2 protein chains.
Amino acid sequence: MIGRLNHVAIAVPDLRAAAATYAGTLGAEVGPPTPLPEHGVTVVFVRLPNTAIELLEPLGEASPIAAFLAKAPSGGIHHLCYEVADIAAAAARLEADGARILGPAKIGAHGRPVLFLHPKDFNGTLIELEEAAP
Amino acid sequence: MIGRLNHVAIAVPDLRAAAATYAGTLGAEVGPPTPLPEHGVTVVFVRLPNTAIELLEPLGEASPIAAFLAKAPSGGIHHLCYEVADIAAAAARLEADGARILGPAKIGAHGRPVLFLHPKDFNGTLIELEEAAP
């Protein structure tokens, strides 16, 4: 069912500093900061040859990564995003297997339908599934 | 400098159960458990179209992931591994930039030279660098 690893998301307290580390010390290709107010984050994509790293900084009052950074103030890996061909079929299969889906599917940072799976069902890993572009 | 994301490593308390979750619930292609006594882990590779997930279970008395699992008993994302063309050149560049390298480069799970970078220098993310095959 799961296909490509679309991205690894890393929550960071200071997006400018984190982007500079990836561009400078690690020598990667780093995009511009992009505010996504509807997701409560500002994001910088680090483009690797085979996938991407998504650096996330909280934006606004009710950011979904605020609690994570309160526990891990210097940042940390927040979630993994796998591509699936059909998000509705994936949700049905996961529910049939007893996996917990966190809220309804919505539109993610790439404009594609996404859903999140409970980390307690996947070895402490928060998993995002994104419907791949057709 | 950094190239492909070679793998994402996830520490798990029960490798058989984790491999079954990735093969069954997530429908991924999962390899056999491989003990690596010299690294203190047993590993299962989940093969994705563009990268791999490395599921790690402690092996032996002094496993390098034992402390991680003591803090996160249900498991969690342990490190990211990026490929570099030349591990010695990468180490020299990182040290010049003030990044802390954890011990000398050694031979990793794929038989290639690897080194680890201090998570405090990279937003709470433990980074492995692996010299890509020529």
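No experiment lies behind these values; they were computed from the predicted model shown.
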For [X], which atoms come within 4.5 Å of any heavy atom of chain B: side chain, backbone, both, or neither?
X: Ala18(A); value: both
X: Thr21(A); value: side chain
X: Arg4(A); value: both

Would you say [X] and [Y] make side-chain contact, with heavy atoms under 4.5 Å?
X: Leu26(B); Y: Phe122(A); value: yes
X: Ile77(B); Y: Asn123(A); value: no
X: Ile53(A); Y: Tyr82(B); value: yes

Treat each ILVMFWY residue as a node, draw an edge where side-chain heavy atoms are under 4.5 Å apart, and state whether [X] and [Y] are in one component.
X: Val43(A); Y: Leu48(A); value: no
X: Leu115(B); Y: Ile127(B); value: yes
X: Val84(A); Y: Val46(B); value: yes
X: Tyr22(A); Y: Leu56(A); value: no
X: Ile65(B); Y: Leu36(B); value: yes

When Leu5(A), Thr125(A), Val12(A) are compared by non-hydrogen pairs under 4.5 Å with chain B, the top option:
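Going by pairs under 4.5 Å, I would pick Leu5(A).
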Shortest non-hydrogen separation from Thr25(A) to Ala99(B) and the atoms involved
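Residues Thr25(A) and Ala99(B), closest heavy atoms: CG2-CB, 4.3 Å.
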Leu55(B) versus chain A, heavy atoms under 4.5 Å apart: side chain, backbone, both or neither?
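Contact with chain A is absent: no heavy atom of Leu55(B) under 4.5 Å.
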What part of Leu126(B) gets within 4.5 angstrom of chain A, counting heavy atoms only: side chain, backbone, both, or neither?
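Contact with chain A involves no heavy atom of Leu126(B) at all.
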Should we say atom CZ of Arg16(B) is surrounded by more than 12 heavy atoms from elsewhere, each under 6.0 Å from it?
no
Option in Asn50(B), Asp97(B), Leu117(B), Leu80(B) with maximal non-hydrogen atom pairs under 4.5 Å from chain A:
Asn50(B)
Choice from Gly98(B), Pro13(B), Gly24(B) maximising heavy atom contacts with chain A below 4.5 Å
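If we count pairs closer than 4.5 Å to chain A, Gly24(B) comes out on top.
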